[in-house]
Engineer: 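Questions regarding the structure given below will be posed in turn.
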Amino acid sequence: MHEPLPGSFYARDVVQVAREILGKRLVRVTAEGATIGRIVEAEAYLARDDPANHAHRGQTRRNASMFGPPGHAYVYAIHARFCLNVVTEPVGVPSAVLVRAVEPLDGVELMRQRRGTSAPLNLTRGPARLCEAFAIDYSLDGWDLTRGEELWVTVEPNSDPQPVQIATATRVGVTAAQDLPLRFFITGNPFVSRPPRGHGR
DNA sequence: CTACCGATTGACT
DNA sequence: GTCAATCGGTAGA
């Protein structure tokens with residue numbers, strides 16, 4: 001139970017991984033305890049022809065993890081907050097999936113303490129919020145998610161007989177390649193960070 | 001060294 | 001809906 005997904009899950013096309021990681025569980029274990037959440041929203045960053053990818057202009061110290069093995073974490077900071085990606089595709093191909101939101105399943109009280117708020121929707125809805133709730137920072141950049149220790153992704157037990165319904169939209173916040181349909185989320189899940197562009201009244 | 005700026009969030013009108 | 005705090009990464013002088 002809570003077996004980590006193998007490297008072969010990540011060593012595939014980044015869009016396929018971004019879609020299939022939806023509905024999986026993100027597990028984080030520290031001395032404080034465990035937190036678990038269902039991944040409900042993710043974005044793909046392509047190795048080629050994607051100017052929104054941090055690796056678009058080549059390898060730097062920051063994005064080095066994206067050039068490493070699939071199934072490792074790429075953690076970066078933006079606006080003084082952390083975001084979590086999982087590295088995909090073979091070594092040397094800098095693609096990754098940004099985990100944008102999870103639905104809290106276990107360890108909710110610990111998430112509340114770390115976030116300093118009790119409103120459920122504010123705990124893990126958004127890439128930097130979920131990192132704070134799960135105590136994810138630079139110390140986990142490059143971490144091997146296939147080890148099944150400290151931080152990993154696992155298949156949800158008692159999977160729904162019906163597969164999750166996936167919607168597609170444009171990525172959030174990017175200023176380059178704004179029109180690429182590379183954001184994926186579970187339709188109707190309230191923990192998705194924001195409705196697709198053009199939604200609402 | 002300085003200047004610019006972003007894969008965000010939370011406060012505010 | 002709008003807007004600015006925030007700070008490390010990157011590029012350039």
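Computed from a prediction, not measured in an experiment: that's the story for all the values here. Chain naming here is simple, since letters A, B, ... match the order of the sequence lines and numbering starts at 1 in each.
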Engineer: Take the protein atom OH of A/Tyr74 and the nucleotide atom C1' of C/dG8, then report the distance between them rounded to whole Å.
Structural biologist: 12 Å
Engineer: Expressed as a whole number of angstroms, how long is the span from A/Ile78:CD1 to C/dG8:P?
Structural biologist: 13 Å
Engineer: Between B/dG10, B/dA7, B/dT8, which nucleotide has the shortest distance from any of its atoms to the side chain of A/Arg129?
Structural biologist: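 My answer, after comparing the listed nucleotides, is B/dG10.
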Engineer: Could you tell me the separation between the CZ atom of A/Phe82 and the C1' atom of C/dT6, rounded to a whole number of Å?
Structural biologist: 13 Å
Engineer: OP1 or OP2 of B/dG10 less than 4.0 angstrom from a side-chain nitrogen or oxygen of A/Arg115, does that happen here?
Structural biologist: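 Answer is yes, contact under 4.0 Å.
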Engineer: To the nearest 0.5 angstrom, please state how far the OH atom of A/Tyr76 sits from the CE atom of A/Met66.
Structural biologist: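 Output value for this atom pair is 9.0 Å.
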Engineer: B/dT8, B/dA7, C/dT10: which one has an atom nearest the side-chain heavy atoms of A/Arg61?
Structural biologist: C/dT10
Engineer: Taking C-beta and beyond as the side chain, do A/His2 and A/Arg25 meet within less than 4.5 Å on heavy atoms?
Structural biologist: yes
Engineer: If only side-chain N and O atoms of A/Thr175 are considered, is one of them under 4.0 Å from the OP1 or OP2 phosphate oxygen of B/dA7?
Structural biologist: yes
Engineer: Step by step, work out the salt bridge (Lys or Arg N to Asp or Glu O under 4.0 Å) result for A/Glu132 and A/Arg115.
Structural biologist: CA-CA 6 Å; A/Glu132 188 171 36; A/Arg115 288 278 299 129; 2.6 Å; yes
Engineer: If we ignore hydrogens and angles and just use 3.5 Å, is the side chain of A/Arg28 paired with the main-chain N or O of A/Phe134 as donor and acceptor?
Structural biologist: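 Confirmed, A/Arg28 side chain pairs with A/Phe134 backbone.
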Engineer: Quick one: is A/Thr60 getting a side-chain N or O under 4.0 Å of the C/dG9 phosphate, OP1 or OP2?
Structural biologist: no
Engineer: Should A/Arg183 be listed as having a side-chain N or O under 4.0 Å from OP1 or OP2 of B/dA7?
Structural biologist: no
Engineer: Should A/Arg81 be listed as having a side-chain N or O under 4.0 Å from OP1 or OP2 of C/dG8?
Structural biologist: no
Engineer: Does one side chain, of A/Thr154 or A/Glu3, offer a donor that lies under 3.5 Å from an acceptor on the other?
Structural biologist: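 There is no such pair between these side chains.
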Engineer: Whole-Å distance between C/dG9 C1' and A/Met66 CE?
Structural biologist: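 Result: 13 Å.
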Engineer: Hey, is the side chain of A/Tyr76 poking within less than 4.0 Å of OP1 or OP2 on C/dC7, counting only N and O atoms?
Structural biologist: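 Looking at the OP1 and OP2 atoms of C/dC7, neither is under 4.0 Å from any side-chain N or O of A/Tyr76.
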Engineer: Please report the distance, rounded to the nearest Å, between CZ in A/Arg171 and P in B/dT8.
Structural biologist: 11 Å
Engineer: By nearest heavy atom, map A/Ala52 and A/Asn122 onto DNA chain B; which one lands nearer the 5' end?
Structural biologist: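 Of the two residues, A/Ala52 wins.
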Engineer: 5'-most contact on DNA chain C: A/His79 or A/Tyr138, nearest heavy atom basis?
Structural biologist: A/His79
Engineer: Who does C/dT6 pair with, Watson-Crick or G-U, both distances under 3.5 Å?
Structural biologist: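 In the structure as shown, C/dT6 has no Watson-Crick or wobble partner.
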Engineer: Taking atom types as modelled, find out whether A/Arg129 and A/Thr124 have a side-chain donor-acceptor pair closer than 3.5 angstrom.
Structural biologist: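 Short answer, no.
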Engineer: When the distance from CZ of A/Arg62 to P of C/dC7 is rounded to whole Å, what number comes out?
Structural biologist: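 Value for this atom pair: 17 Å.
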Engineer: Roughly, in whole Å, what's the span from CD in A/Gln59 to P in C/dG9?
Structural biologist: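 After rounding, the reported distance stands at 15 Å.
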Engineer: Hey, is the side chain of A/Arg57 poking within less than 4.0 Å of OP1 or OP2 on C/dT10, counting only N and O atoms?
Structural biologist: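 Checking A/Arg57 against C/dT10: no side-chain N or O falls below 4.0 Å of OP1 or OP2.
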Engineer: Roughly how many Å is it from NE2 in A/His54 to C1' in B/dC5, rounded to a whole number?
Structural biologist: 11 Å
Engineer: What nucleotide among C/dT10, C/dT6, B/dA7 has an atom nearest to a side-chain atom of A/Asn85?
Structural biologist: B/dA7
